*Asks:* 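Please see the structure below; I have some questions.
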Protein chains: 2
Amino acid sequence: MTPPDKIDKREQILQAAEQLFAEKGFDGTSVRDIAHEANVNLAMISYYFGSKEKLLESLIEQRFRISIGILEELSNDQSLSAWEKIDRLIDYYVERMVTNRRFHNIMNQEYNTDRSSEIKDLITRIKLQNLERIKGIIVDGQRQKLFRPVDIELTLGSIMGTIAQVTSLRKLYCNLLQIDNTDEASYSNVVIPRLKVHLKQLMRAHLDIKNEA
Amino acid sequence: MTPPDKIDKREQILQAAEQLFAEKGFDGTSVRDIAHEANVNLAMISYYFGSKEKLLESLIEQRFRISIGILEELSNDQSLSAWEKIDRLIDYYVERMVTNRRFHNIMNQEYNTDRSSEIKDLITRIKLQNLERIKGIIVDGQRQKLFRPVDIELTLGSIMGTIAQVTSLRKLYCNLLQIDNTDEASYSNVVIPRLKVHLKQLMRAHLDIKNEA
DNA sequence: CTATTCTAATTAAACGTTTGTTTAATTTAA
DNA sequence: TTAAATTAAACAAACGTTTAATTAGAATAG
């Protein structure tokens, strides 16, 4: 039989760390926990990453780099109307934040502590860059007289905040939406389409220039 | 001069814990940190609260009990229209979550770890109870043909999520809104009214039966 | 093809701190 | 005099990290 050890041990450690950090927090997770979960010797973590802190940085950097260009591409796509861009934006973020909610969880926890200012700055920089790009989409829609004047920054906050709220207070919303908390698939199958529909409807009402000022 | 020791030591410890838990997380804060910040001997924490964990429970319980009846009162107030109730609801939650954001921070962090299931259940129960009450307000508005049919649960998520997003990613939104991060007063003075206006506008567009379906 | 060499991977054990909690003695105030 | 409040000291356990020894696997030489 093929030994599971054949997967790169570095990646094993990263996966174990992602899971445990999300469940128990950074400080609540010991390197011994991670080593045990990854079926790896304790010392391998220092060996590969240098320290527990550096392990977290590696995790964040790697998981972030995955999808930075997507927003730029969407933003610059001339074939899409401003309305279509908003819809695709919602689809993208709902999909991304629901399926990667463990990772977003870690980032939020890390962002709300004053431990490593480097990590916080990294997150701020990337998020700011993304938000500026979305701002551009809404401004374009306003220039074309499709969207009415709104508080753009807080509109972004409503889109991201709605998704973040449902995903990060998962237990609460499973209760509220009457979803089985334990079944990951049925959770996604209910929450993802429902979030997409709600947010598109919300933004249509909020942004449409035909609605009351 | 009046010695600051005259304030109840229990309360000193609670305040120090609230601040440090919010800044550094539960596991990131040592009881020695708390004792030092509260100008209290290390052993006083076990003496008063029994343990670090019980200290957190005391903190959450005490801070929660403060405002449970308010929602019930608002919900049952016959002199207010459904629209007015929504507005007051927004005012209340914006005010509450921005000024007590440290406490909400702790709760979020605690909610997203699987340490104490008791605390998580406590939070779930209270929040669920509150959300059900707000649901009632929207359902009433729909019965009176003031509000159109919407996804009520996710509408609640949008209200709470917007506020939570802005307050919990504070550094990011200070950047985005061009507010001085260090000055607490100017932060509140900008963010609170702006959140209120935005959310009322958002809900007016979203809920008004006169807008497109 | 075997034997040797060398580097990277892996390990168990130990390091010095820091952790939350307890103890036993002392001070305070009624 | 008595009980509560407060203290410094000590406790064992857990922490992140390092060490020094061993194994594995490919490269090199005969």
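None of these values were measured; they are calculated from a predicted model. Reminder, nothing fancy here: chain letters follow the sequence lines and each chain counts from 1.
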*Asks:* Whole angstrom is fine here: how far is it from CG in A:L42 over to C1' in D:dA14?
*Replies:*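 After rounding, the reported distance stands at 12 Å.
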*Asks:* Does C:dT10 have OP1 or OP2 under 4.0 Å away from a side-chain N or O of A:K9?
*Replies:*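 So the side-chain polar atoms of A:K9 do come within 4.0 Å of the phosphate oxygens OP1 or OP2 of C:dT10, strictly under.
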*Asks:* Can you see whether A:W83 has A:R88 sitting over its ring - NZ or CZ less than 6.0 Å from the centre and within 45° of the normal?
*Replies:*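 Cation-pi check for A:R88 and A:W83: fails.
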*Asks:* With respect to the side chain of B:S46, which nucleotide from C:dA13, C:dT22, C:dT10 is positioned closest?
*Replies:* C:dT22
*Asks:* State which residue, out of A:L169, A:I163, A:T162, fulfils the side chain to side chain contact (heavy atoms under 4.5 Å, CB included) condition with A:Q165.
*Replies:* A:L169
*Asks:* Of the options C:dT19, D:dA9, D:dT6, whose atoms approach the side-chain atoms of B:Y48 most closely?
*Replies:* D:dT6
*Asks:* Round to a whole Å and report the spacing from CG of B:D33 to P of C:dT17.
*Replies:* 18 Å
*Asks:* Would you check if there is a donor-acceptor pair between the side chains of A:D121 and A:T124 at a distance under 3.5 Å?
*Replies:*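 Side chains of A:T124 and A:D121: no pair found under 3.5 Å.
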*Asks:* Between atom CG in A:D27 and atom P in C:dT18, what is the gap in whole Å?
*Replies:*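 Computing the A:D27:CG to C:dT18:P distance gives 15 Å.
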*Asks:* I want to confirm an ordering. Mapping A:V31 and B:V40 to their closest nucleotides on DNA chain D, which one lands closer to the 5' end?
*Replies:*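 Upstream on the strand: B:V40.
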*Asks:* Check every atom of D:dC15, D:dA8, C:dG20 against the side chain of B:A43 and return the nucleotide holding the closest atom.
*Replies:* D:dA8
*Asks:* Output the rounded distance in Å from CG (B:L55) to P (C:dT21).
*Replies:*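 These atoms are roughly 10 Å apart.
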*Asks:* I want to check one thing: is the phosphate of C:dT18, taken as OP1 and OP2, less than 4.0 Å away from some side-chain N or O of B:S30?
*Replies:*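 For B:S30, the contact criterion (side-chain N or O under 4.0 Å from OP1 or OP2 of C:dT18) is not met.
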*Asks:* In whole angstrom, give the distance that lies between atom NZ of A:K54 and atom C1' of D:dT17.
*Replies:* 12 Å
*Asks:* Quick one: is C:dA9 close enough that its OP1 or OP2 comes under 4.0 Å of any side-chain N or O from A:N41?
*Replies:*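 For A:N41, the contact criterion (side-chain N or O under 4.0 Å from OP1 or OP2 of C:dA9) is not met.
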*Asks:* When you measure from the side-chain N and O atoms of A:S51 to the phosphate of D:dG16, is any distance below 4.0 Å, counting only OP1 and OP2?
*Replies:* no
*Asks:* A:H36 NE2 to C:dT10 P: how many Å, rounded?
*Replies:*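 The distance from NE2 of A:H36 to P of C:dT10 comes to 18 Å, rounded to the nearest Å.
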*Asks:* Check the angle between the aromatic planes of A:H198 and B:H206 and answer parallel, tilted or perpendicular using the 30° and 60° thresholds.
*Replies:*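 If you compare the ring of A:H198 with that of B:H206, the planes turn out perpendicular.
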*Asks:* Base, sugar-phosphate, or nothing for A:I45, non-hydrogen atoms under 4.0 angstrom?
*Replies:* nothing
*Asks:* Using a cut-off of less than 4.0 Å, is there contact between a side-chain N or O of A:Y47 and OP1 or OP2 of C:dA9?
*Replies:*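 It does, given that an N or O in the side chain of A:Y47 lies less than 4.0 Å from OP1 or OP2 of C:dA9.
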*Asks:* Send over the distance from B:R32 CZ to D:dC11 C1', rounded to a whole Å.
*Replies:*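 Answer to the nearest Å: 11 Å.
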*Asks:* Between A:Y111 and B:K171, is there a cation-pi geometry (under 6.0 Å to ring centre, at most 45° from the normal)?
*Replies:* no
*Asks:* Rounded to the Å, how far apart are B:F49 CZ and C:dT21 P?
*Replies:*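 About 13 Å, once rounded to whole Å.
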